[in-house]
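Okay, so here's the structure we're looking at.
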Amino acid sequence: MREFKLYDTLSRTVKPITTSEPGHLKFYSCGPTVYSYAHIGNFRTFLTTDLVIRTAEAIGWDVTYVSNITDVGHLTQDDVADAAGDDKMAKALASKEGDQFANVWDLARFYAVAFEDDWKRLNLKTPTVRPRATEHMREQIVAVEDLIKKGHAYETPTGVYFSVDSFEEYGKLSGNTDRENLQVAVRDVVQDDNKKNPADFALWKKDDKHLMQWFSPWGWGFPGWHIECSVMAQKYLGDTIDLHGGGEDLKFPHHECEIAQSEAGTGKPFCNHWMHVTFLQVEGEKMSKSKGNFFTVRDLLEQGFDPIALRYALISVPYRKPHNFTIQTLKDAEGNVERFREAGRRIEAILGEGWLESAGDFGSDQLGQELSGIYEQGLNAMLDDLNTSVAIAKALEGTKAILRISSLSESDAKEGAAFLAKVEALLGITGLIATQEPEEEAEPEIEGKLVSVWVTERDEAKKNKDYATSDLIRNKLTAAGIELRDTPDGTVWAKR
RNA sequence: GGCGACGUACCCAAGUGGUUAAGGGAAGGGUCUGCAAAACCCUCAUUCACCGGUUCGAAUCCGGUCGUCGCCUCCA
């Protein structure tokens with residue numbers, strides 16, 4: 001069994017992931033709150049978890065991957081202490097963009113669909129389960145009742161709170177073990193005088209005015225932000241999970257609170273390995289919703305950028321390093337994705353359609369051995385705390401080895417196919433799998449026929465050495481976004 | 001106030017004790033081509049912010065200086 005090493009926030013070391021069942025990884029990754037379109041920073045995190053799955057599968061592991069959607073509008077300051085801010089979703093509904101929605105439920109549904117759409121376009125693997133907070137209300141209420149019963153939570157006139165002092169190890173993940181520092185950390189949060197400790201966090205908030213509310217043993221209200229992940233992780237993965245991840249901001253308080261709730265409830269370790277993704281920066285600066293200096297995935301795709309190039313750009317720097325995303329990075333990525341596609345086109349010319357799906361393993365000939373070695377180096381880089389920079393360099397190295405061969409033999413093409421198929425499975429950046437939305441596919445059919453007519457026309461002109469006409473046609477097509485390439489086997493075209 | 005990251009060529013960036021400091025972009029030259037495009041080939045850091053130290057040996061370890069940035073609050 002091969003080792004898959006990843007930095008673990010809890011032990012603060014890079015260590016091999018251990019799975020409770022051999023070869024079966026149980027992984028929970030915190031998803032977004034759906035009150036707006038997801039931005040590229042969100043996706044740096046989700047892409048990182050996607051790479052964990054791909055890497056695990058590349059060494060033959062089964063992965064049960066749970067990634068939730070938070071569709072309850074939690075309070076904006078319900079983090080360390082309790083609630084006092086506005087509801088995120090209510091805020092979104094009240095904003096200009098919110099006018100199109102009848103209510104918060106409608107809004108959550110809309111952005112959840114948009115999110116899954118972006119997810120597919122960036123070629124992320126579909127989770128085994130994608131649970132929603134609103135669909136697990138009963139379980140959350142039961143969990144809160146259980147914590148009260150076990151003496152870890154108590155009711156006040158404003159809600160139900162988890163007693164931080166009842167859980168010795170509170171703070172072990174984030175290092176916020178020093179109660180004095182905790183006081184500093186919670187300084188700006190509005191306090192509830194009925195709480196036993198200002199750091200106690202909400203499990204249930206009483207509020208019969210809230211836009212989303214449920215009936216509970218404590219009256220009308222809604223659940224605290226942290227309890228949903230504890231409940232859903234346990235429901236789908238069991239009391240102890242192998243790996244849990246999310247953005248670096250979730251370390252404290254969110255994951256700290258998840259640990260406290262879960263372990264206080266079950267008496268068992270909640271999770272053996274924690275990973276956190278460092279925030280993405282844009283043009284050298286932190287991006288955030290409140291600053292408004294962010295790109296959504298949609299923004300960039302609407303500007304015509306290739307979704308796979310966006311994926312490439314977002315994973316090109318290892319996840320624990322600060323990554324300064326720029327438009328230039330994205331443009332650089334486009335060229336490289338195009339190189340994978342070019343290699344794919346050459347292979348398809350020999351093996352025909354379906355070559356990627358039917359690609360086999362490496363052979364024993366020289367090219368097969370060379371590509372096999374390069375792929376192994378890339379895989380090893382991924383197994384060493386997801387070194388995507390090296391893995392991508394290896395993907396390009398192998399692709400160049402394929403492109404270097406001016407005339408591929410059938411055996412060469414098969415080796416190349418094996419390489420590209422493995423790279424695609426591991427990194428998802430070759431652009432050889434269509435991620436376009438289905439409705440966009442109808443039009444190119446007709447368009448393609450029109451282009452073919454012009455290409456034939458131009459070939460005629462070229463044959464007659466009428467270069468004025470042939471160049472005119474090429475220029476017109478270029479202006480229309482169609483790029484022509486004359487190859488020994490004839491003219492091929494691609495959309496730019 | 002607490003915690004942490006980073007500073008490598010024009011740009012992005014890997015490398016964290018030892019042969020030639022990955023890879024990509026840009027730039028320059030070349031092959032191919034009617035010309036292009038694409039692809040391929042070649043060139044492009046004796047040097048890793050700065051100053052000391054440890055060591056046979058450091059971009060890599062230690063100390064200091066300067067600079068940039070992030071998390072702890074909404075946010076992945």
Side-chain angles (χ1 to χ4, degrees), chain A residues 12 29-33 35-36 38-49 74-81 85-86 88 91 174-176 178 180-189 245-254 256 276-281 284-291 294 312-313 316-326 328-336 338-339 341-343 345-346 377 381 387-397 400 402-406 462 465-467 470-471 474-475 478 483-488 491-494 496:
Chain A
R12 289 158 178 77
S29 166
C30 288
T33 301
Y35 61 98
S36 178
H39 61 245
I40 56 176
N42 296 120
F43 269 94
R44 181 185 199 196
T45 298
F46 306 138
L47 282 165
T48 300
T49 60
H74 293 298
L75 301 168
T76 55
Q77 291 187 353
D78 177 13
D79 290 315
V80 175
D86 300 314
K88 277 185 250 178
K91 226 168 162 179
S174 59
N176 280 337
D178 182 341
E180 302 257 320
N181 286 340
L182 214 49
Q183 299 302 321
V184 176
V186 302
R187 70 191 183 282
D188 291 332
V189 178
E248 63 174 322
D249 58 316
L250 298 182
K251 218 183 288 178
F252 185 88
H254 185 57
E256 198 71 76
H276 292 96
V277 181
T278 301
F279 268 14
L280 184 75
Q281 289 172 242
E285 239 199 315
K286 171 201 163 89
M287 68 181 262
S288 74
K289 289 179 185 176
S290 55
K291 272 191 189 167
F294 68 91
Y312 183 117
S316 62
V317 176
Y319 76 100
R320 287 202 294 134
K321 298 236 177 184
H323 179 0
N324 180 19
F325 180 90
T326 63
Q328 187 57 48
T329 311
L330 185 51
K331 286 180 180 161
D332 292 353
E334 282 192 313
N336 286 314
E338 206 37 55
R339 208 177 229 154
R341 290 205 178 101
E342 174 66 18
R345 274 191 287 271
R346 293 196 194 174
Q377 288 172 33
N387 191 333
T388 45
S389 294
V390 170
I392 290 173
K394 292 298 162 188
L396 285 169
E397 189 181 325
K400 283 176 85 168
I402 298 165
L403 290 170
R404 189 154 39 225
I405 300 165
S406 51
K462 271 177 67 188
K465 298 214 189 298
D466 178 8
Y467 295 124
S470 72
D471 287 350
R474 185 170 64 195
N475 291 340
T478 304
E483 187 181 274
L484 298 188
R485 291 173 201 164
D486 294 333
T487 75
T491 302
V492 296
W493 61 274
R496 283 303 298 173

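FYI, side chains are in, hydrogens and waters are out, and symmetry mates aren't considered; it's all heavy atoms of this structure. Given the structure is predicted, the values throughout are model-derived calculations rather than measurements. Reminder, nothing fancy here: chain letters follow the sequence lines and each chain counts from 1.
Shortest non-hydrogen contact noted between A:M287 and A:G41 is CE-N, 3.9 Å.
Residues passing the salt bridge (charged side-chain N to carboxylate O under 4.0 Å, His left out) test with A:R341 are A:D306, A:E338, sequence neighbours excluded. A:R404 is linked by a side chain to side chain contact (heavy atoms under 4.5 Å, CB included) to A:E370, A:A401, counting only residues two or more places apart in sequence or in another chain. Under the rule for a salt bridge (charged side-chain N to carboxylate O under 4.0 Å, His left out), the partners of A:E342 that lie at least two apart in sequence or sit in another chain are A:R345, A:R346, A:R485. Residues satisfying the side chain to side chain donor-acceptor pair (under 3.5 Å) test with A:K462, not counting sequence neighbours, are A:D486. Residues that satisfy the side chain to side chain donor-acceptor pair (under 3.5 Å) test with A:N324, not counting sequence neighbours, are absent from this structure. Not counting sequence neighbours, A:T45 has no partner by the side chain to side chain donor-acceptor pair (under 3.5 Å) test. For A:D471, the salt bridge (charged side-chain N to carboxylate O under 4.0 Å, His left out) test picks out A:R474, with sequence neighbours left out.
Contacts of A:D486 with the nucleic acid, taken as non-hydrogen atoms under 4.0 Å apart, include base atoms. Base engagement by A:G41 is indicated by at least one non-hydrogen atom pair under 4.0 Å involving a base atom. Among the heavy atoms of the strands, none lies under 4.0 Å from A:T48. The residue A:E397 sits apart from the nucleic acid: no heavy atom pair falls under 4.0 Å. When heavy atoms are screened at a 4.0 angstrom cut-off, A:L280 is found touching base atoms of the nucleic acid.
Spacing between B:rA45 and B:rG53 at atom P, rounded to whole Å, works out to 29 Å. B:rA59 and B:rU47 have their C1' atoms separated by 9 Å, given to the nearest Å. Distance noted for atom C1' between B:rC44 and B:rG25: 13 Å (whole Å). Taking the C1' atom of each, B:rA58 and B:rU46 are spaced 15 Å apart, rounded to whole Å. Rounded to whole Å, the P atom of B:rC41 lies 10 Å from the corresponding atom of B:rG24. Nucleotides B:rA5 and B:rA49, compared at atom C1', are 16 Å apart to the nearest Å. For B:rC66 and B:rC51, the P atoms lie 15 Å apart once the distance is rounded to whole Å.
If you check B:rG34, B:rA76, B:rG24 against the side chain of A:N42, the one that comes closest is B:rA76. In this structure, of B:rA38, B:rG24, B:rA76, it is B:rG24 that holds the atom nearest to the side chain of A:L396.
Remark: C1' of B:rA76 and CZ of A:R44 are 10 Å apart, rounded to the nearest angstrom. Atom NZ in A:K251 sits about 10 Å away from atom C1' in B:rG70, given to the nearest Å.
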Could you pull out the protein-nucleic contacts involving nucleotides 10-15 of chain B (nitrogen or oxygen on both sides, under 3.5 Å)?
unit_1: B:rA14; atom_1: O3'; unit_2: A:N387; atom_2: ND2; d: 3.3
unit_1: B:rG15; atom_1: OP1; unit_2: A:N387; atom_2: ND2; d: 3.0

When you compare the protein's N or O atoms with those of nucleotides 40-45 of chain B, which come within less than 3.5 Å of each other, and at what distance?
unit_1: B:rC40; atom_1: OP2; unit_2: A:R339; atom_2: NH2; d: 3.4
unit_1: B:rC41; atom_1: OP1; unit_2: A:R404; atom_2: NH1; d: 2.8

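The pair A:K394-A:E397 counts as a salt bridge, with a side-chain nitrogen and a carboxylate oxygen less than 4.0 angstrom apart.
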